[in-house]
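Working notes, beginning with the structure itself.
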2 protein chains.
Amino acid sequence: MTMVASKPIRTRRKMQRVTIMDVAARAELSPSTVSLYFRKPDAVSAAASEAIARAIDALDYVPNLMAGGLAAASSRVVSIIVPSVRNAFFAETVAALQDELGKQRLQVMLSHTEYKEHDEENLVRTALSWAPAAVVLTGLSHSAATRRLLHDSKVPVVEIWELGSPTMDMAVGFHHDQVGHAAASHLLQRGRKRLLFVGARLHEDRRAARRAQGFVEAARNTPGASAEIIQNPAPASAEVGAMLLGEARLRFPTVDGIACSNDHIALGVIFECQRLGIAIPERLSVVGFGDLSFSAAANPSLTTIRPPGDLIGKEAARLIIARILHPDAEPQQAVIDTRFTLLHRQSS
Amino acid sequence: MTMVASKPIRTRRKMQRVTIMDVAARAELSPSTVSLYFRKPDAVSAAASEAIARAIDALDYVPNLMAGGLAAASSRVVSIIVPSVRNAFFAETVAALQDELGKQRLQVMLSHTEYKEHDEENLVRTALSWAPAAVVLTGLSHSAATRRLLHDSKVPVVEIWELGSPTMDMAVGFHHDQVGHAAASHLLQRGRKRLLFVGARLHEDRRAARRAQGFVEAARNTPGASAEIIQNPAPASAEVGAMLLGEARLRFPTVDGIACSNDHIALGVIFECQRLGIAIPERLSVVGFGDLSFSAAANPSLTTIRPPGDLIGKEAARLIIARILHPDAEPQQAVIDTRFTLLHRQSS
DNA sequence: TGGTTACATAATAGCGCTATTATCTCGAGC
DNA sequence: GCTCGAGATAATAGCGCTATTATGTAACCA
């Protein structure tokens, strides 16, 4: 007597309602052809295409990109790591990236460092778990472990919003010390001698700190000019700007030219000057950074330096897309200097 | 003579450097145990845990979440669809969502509708391709196809930034007509009678349009009061606000109370009044919407209505996390009214 | 006519992981 | 001493798709 081995009954795993096999069956074609229809539509005959399209429509098929990504060992995800989209600068860049990448059916995955650099490694590790088509990082300061992870993964990397010496792969941005230099030069050119950089959160915002540094250096190289820095650890806001102006009047009463770490600060400075009756630009020239939405409309309108947040996003997207379309092309180190623009308005 | 069937040699697909099997081998355990280590750490003995942790570290193992998601038929991705993060309101909510979800190791996937409602369906379709843990949509107006897709997928859905009648699943936000009503009531209470709503892009921004509607209705219900609407199809900005004030003076010269569709517009109105010598609030009261970063510091400081963008994000995240942690709990329709706050400042 | 292409479609074998079931170990309880 | 069960670990069978190879068919040339 023989025992008939009964096949163990396994309760099925939860699964997708409609799969590529269902579409294939309905279109009376093989799953391979349906897959090809998605990946290389031109390789499928018109008749087959139509049948597949009809089947997809009838069944309301939604492809499973995780299955696809697993099989293809790559996904159409671009992981973007920024300090925070609460910051209008990065929001603009993320929006531009999103818009451009979306046209190529690339998905954006978003993470925040909240200016905590040491978290970045974990964020990168998680990002890599999705076998992304590219990773976008903000700035150039990254831990050795982060660099190694990214290097080993061979994923295209774009560093944005800062240009400088050590670039991992591709970079799009501008030199922040040049921004500081430009602000100082402008003020000096307007006849200002006692300069001051007013900043928020310089200890965490390395890029703002570099602007301050460039500002001071430019003033130092000019005979008869001087430059100081005052700052506040709080996030940038008009309130902080107003407060810092008060502090500046006490500590540096002769100041006649101010550059701010960004336009929120500058707006606060302007408002406070209005309240105190300090004439801008007659007695004090003010230069901001950011060209935020209110800057042109302020009274007096705000001289500021416009960082091309939108362009940075667009160019980063362009580099990513180019790399994806031609993965075999020699991996030339692309560094794009987007520059910035000083907008001379009434406040200086 | 027999032919020995030679196994066809297939070039291997590109693959991951280190897999869970490598970790298991190094830790001298089975892949199952390593998997368990990630999913239910408590079920693994201390000794095994340590061995696995060591192996992961030594090999620099990065899990493949696509493989995991495929096997588990669900991913730790939350798909967020907003008009644009260029808009500070949504940026704030996205940031809050990101922060809260990140704590639970949930990834944010971001998409923009750019206020084009008909695109939403495609975005939702793509979102569902990732078997997301939840989907977040902005507003309550969605196509029938979008609703069906989401309903069939059984994915938790949160609609944010608007409250009203037809909710798909969960909703977090406030009633925009109540915002308009509150602005009108405030102005009437301040003795204003000839009211005006100044808006940008009302044809696309349904929520702003509802605020305008609530504003006008509140005025109509008050004897002796009147309310009009003027608008501009361009996106909201201080420039547009300044322009619209000019238009308002020509068309409605007796206006004494203005509510704006947002603070950018209101700031433009204030600036233009400064230039024209119109005293605020003596001759004209101005109410904004948004409480943007500059509003409190403006001169005069801007009376405005603060939408709790941050709270919306936090509450939405809370609902999502609760649903994920207790998937079996009866799917109670959660609607959270976050309300809004009128901040009375100098401009009214 | 045969052979060579080019094109279109199909069969095959995983991608790396998880959920389920099965097995093993060890101490408690009789 | 033996069974039993709890706890820990392992074996198994896919998840849904893509990349590769194989096959079929029509078009073309000598």
Side-chain angles (χ1 to χ4, degrees), chain A residues 5-25 27-52 56 59 61-76 128-131 327, chain B residues 5-25 27-52 56 59 61-76 128-131 327:
Chain A
S6 68
K7 211 171 182 180
I9 296 164
R10 294 186 158 220
T11 60
R12 290 179 187 281
R13 210 80 43 79
K14 337 160 200 169
M15 58 180 204
Q16 206 159 307
R17 185 184 297 280
V18 180
T19 73
I20 206 173
M21 317 238 315
D22 301 313
V23 174
E28 296 184 307
L29 289 160
S30 74
S32 301
T33 307
V34 178
S35 175
L36 208 59
Y37 167 84
F38 284 114
R39 293 174 293 118
K40 293 172 186 169
D42 295 341
V44 178
S45 71
S49 290
E50 206 183 316
I52 293 169
I56 289 170
L59 297 173
Y61 169 65
V62 175
N64 185 326
L65 291 180
M66 293 197 295
L70 177 59
S74 78
S75 72
R76 295 189 71 80
L128 292 178
S129 296
W130 291 95
Chain B
S6 68
K7 213 172 182 180
I9 296 162
R10 295 187 157 222
T11 61
R12 289 179 189 282
R13 207 82 44 78
K14 336 159 202 171
M15 57 182 207
Q16 206 158 306
R17 183 184 298 279
V18 180
T19 74
I20 205 172
M21 316 237 316
D22 300 315
V23 174
E28 296 183 306
L29 289 162
S30 73
S32 301
T33 307
V34 178
S35 175
L36 207 59
Y37 167 83
F38 284 114
R39 293 175 294 116
K40 294 172 185 167
D42 294 341
V44 178
S45 70
S49 290
E50 205 183 318
I52 292 169
I56 289 170
L59 298 173
Y61 169 64
V62 175
N64 184 327
L65 291 181
M66 293 197 296
L70 177 60
S74 78
S75 73
R76 294 189 73 79
L128 292 178
S129 295
W130 290 95

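Sequence lines set the chain letters: A, B, ... in the order given, protein chains first and strands last, and positions in each chain run from 1. All figures in this text were calculated on a predicted structure; none of them were measured in a lab.
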Specify the separation, in whole Å, of atom [atom1] of [X] and atom [atom2] of [N].
X: B:D22; N: C:dC15; atom1: CG; atom2: P; result: 12 Å
X: B:W130; N: D:dC17; atom1: CH2; atom2: P; result: 13 Å
X: A:M66; N: C:dT18; atom1: CE; atom2: P; result: 12 Å
X: B:L70; N: D:dC15; atom1: CG; atom2: P; result: 9 Å
X: A:M21; N: C:dT12; atom1: CE; atom2: C1'; result: 13 Å
X: A:I20; N: C:dA11; atom1: CD1; atom2: C1'; result: 14 Å
X: A:F38; N: D:dA19; atom1: CZ; atom2: C1'; result: 17 Å
X: A:L128; N: C:dG16; atom1: CG; atom2: P; result: 15 Å

Between [atom1] on residue [X] and [atom2] on residue [Y], distance to nearest 0.5 Å:
X: A:Y37; Y: A:L29; atom1: OH; atom2: CG; result: 11.5 Å
X: A:M66; Y: B:L65; atom1: CE; atom2: CG; result: 9.5 Å
X: A:I52; Y: A:I20; atom1: CD1; atom2: CD1; result: 8.5 Å

Quick one: which of [options] gets closest to the side chain of [X]?
X: B:R39; options: C:dG16, C:dT18, D:dT18; value: C:dT18
X: B:S32; options: C:dG16, D:dA10, C:dG14; value: D:dA10
X: B:N64; options: C:dC17, C:dT18, D:dG16; value: C:dC17

Which pairs with one or both residues in residues 38-52 of chain A pass salt bridge (charged side-chain N to carboxylate O under 4.0 Å, His left out), sequence neighbours excluded?
A:E50-A:R54
Heavy atoms of A:P31 and A:A24 approach each other most closely as N-CB, 3.5 Å
How is A:Y61 classified with respect to the nucleic acid when contacts are heavy atoms under 4.0 Å: base, sugar-phosphate, or nothing?
sugar-phosphate
Looking at every strand, decide which applies to A:P31 at a 4.0 Å heavy-atom threshold: base, sugar-phosphate, or nothing.
nothing
What is the ring orientation for B:W130 with A:W130, classed by angle as parallel under 30°, tilted 30 to 60°, or perpendicular over 60°?
perpendicular
So which protein N/O to nucleotides 6-9 of chain C N/O distances come out below 3.5 Å?
| unit_1 | atom_1 | unit_2 | atom_2 | d |
| --- | --- | --- | --- | --- |
| C:dT9 | OP1 | A:S45 | OG | 2.8 |
| C:dT9 | OP2 | A:S45 | N | 3.0 |
| C:dT9 | OP2 | A:S45 | OG | 3.3 |

A:S32 vs A:S35, test: side-chain hydrogen bond (donor to acceptor under 3.5 Å, both in side chains). Steps then yes/no.
CA-CA 5 Å; A:S32 301; A:S35 175; over 6 Å; no
Is the distance from OP1 or OP2 of D:dT18 to the nearest side-chain N or O of A:S35 less than 4.0 Å?
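Answer is yes, contact under 4.0 Å.
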